[in-house]
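Report on the structure given below.
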Amino acid sequence: MSLTIATWNINSVRFRIDIVERLLMHHAPDVLCLQETKVMDDAFPHAIFADHGYHYSVINGQRMHHGVATLSKIPLIEDNRHDWQDNGEARHVGARLPNGLRIENVYVPAGGDTPDATVNPKFGQKLAFVERMTRWSESLSDDTVIVGDFNIAPLECDVWNHKALLDVVSHTPVEVAALAALQQSHDWVDLGRHFVPPPERLFTWWSYRAADWRLSDRGRRLDHIWASPAAARAATAFEVLEDARDWGKPSDHVPQIATFDL
DNA sequence: ATGGCTGGTAGAACCAGA
């Protein structure tokens, strides 16, 4: 059976519900993991997803900021949810499919402006978040997919200019090292780079501030789909929907979709 | 020329994103 899993930082699921529907109609992933839903659970637009056949969901929302949601066309049950900062922010929800596959939907903190925890506490919180994820990741079973906005672009070819971004939060060596430790903790396979090997350019985010995002192409690969080794062996395809950056009222992130033959 | 923008919320000379 073929299974498709999409992930997308939507930057408000209510404001961008039209382009969410566009993804559902034209790409119809079996499972859609959203980050930055920016909505309380009691105001989540469940009816619109149900109209498109997405009758199952696990959501972890909060007021104003952050928030994650996993929507599905096939039965889905909540597995767990973690608050790795222990500050009440909604940045993770886990789910399990009938075949046992676990889908972990994560929104790693952005980390603020300055890559120095002594003057910018948010940067230290980001590193601590990833370290606590690493301890958790070690205990997961080998039938897991972890997706989301990790807010770290690890490789030189994951950013538009490696040298220019070495001191910019999202691509600093200490963040890249923390992400590498997380990846090693469960032998996670980075499906983006499994299907699009370095040094090919691969981005999932472009700033709203560019006059012409496609012309300047100052992108970063901040969003990821990782699979445990057994799940990765079932992966058959991977796609970044770069054109979604031009859809009406776009998110600054674009969706990516992985296909598995399970 | 890495902030030139953006949404949510309040009703900002705001916050957060990255």
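So that the names make sense, note that chain A is the first sequence line, chain B the second, and so on, each numbered from 1.
- The side chain of A:R218 lies closest to B:dT2 when the candidates are B:dT9, B:dT6, B:dT2.
- Comparing B:dC14 with B:dA1, their P atoms sit 27 Å apart, to the nearest whole Å.
- Listed for the A:T4 side chain is a donor-acceptor partner under 3.5 Å among the backbone atoms of A:D30.
- Note that the CD atom of A:Q256 and the OG1 atom of A:T204 stand 5.5 Å from one another [nearest 0.5 Å].
- Distance, A:I19 CD1 to B:dG7 P: 10 Å, rounded to whole Å.
- Judged as a ring-ring contact (aromatic ring centres under 6.0 Å, His included), the pairs with a partner in residues 87-114 of chain A (not counting sequence neighbours) are, in order, A:H66-A:Y107, A:H82-A:H92, A:W84-A:H92, A:H92-A:W136.
- The CD1 atom of A:I10 sits 13 Å away from the C1' atom of B:dT6 (whole-angstrom rounding).
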How would you summarise protein contacts on nucleotides 10-18 of chain B per nucleotide, using B for base, S for sugar-phosphate only and - for none, with heavy-atom distances below 4.0 Å?
S-----SBB
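- Nucleotides B:dA16 and B:dT9 place their C1' atoms 12 Å apart, quoted to the nearest Å.
- Rounded to a whole angstrom, the distance from the C1' atom of B:dG7 to that of B:dA18 is 15 Å.
- Judged by distance alone, the side chain of A:N105 and the main-chain N or O of A:A69 form a donor-acceptor pair under 3.5 Å.
- B:dA10 sits 11 Å from B:dC15 when the C1' atoms are compared, rounded to a whole Å.
- If you look at A:F150 and A:W226, their ring centroids are closer than 6.0 Å.
- Contacts of A:A164 with the nucleic acid, taken as non-hydrogen atoms under 4.0 Å apart, are absent.
- Of all nucleotides present, only B:dA16 satisfies the Watson-Crick or G-U wobble test against B:dT6, with each distance under 3.5 Å.
- Summarising the geometry, atom CG belonging to A:L155 is positioned 10.0 Å from atom NE2 belonging to A:H162; distances are rounded to the nearest 0.5 Å.
- The distance between the ring centers of A:H52 and A:Y54 does not fall below 6.0 angstrom.
- Distance, A:R245 CZ to B:dC5 P: 13 Å, rounded to whole Å.
- Atom CZ of A:F15 is separated from atom C1' of B:dC5 by 12 Å (rounded to the nearest Å).
- For the pair A:W213 CH2 and B:dT2 C1', the computed distance is 18 Å after rounding to whole Å.
- With its glycosidic angle within 90° of 0, B:dA12 is assigned syn.
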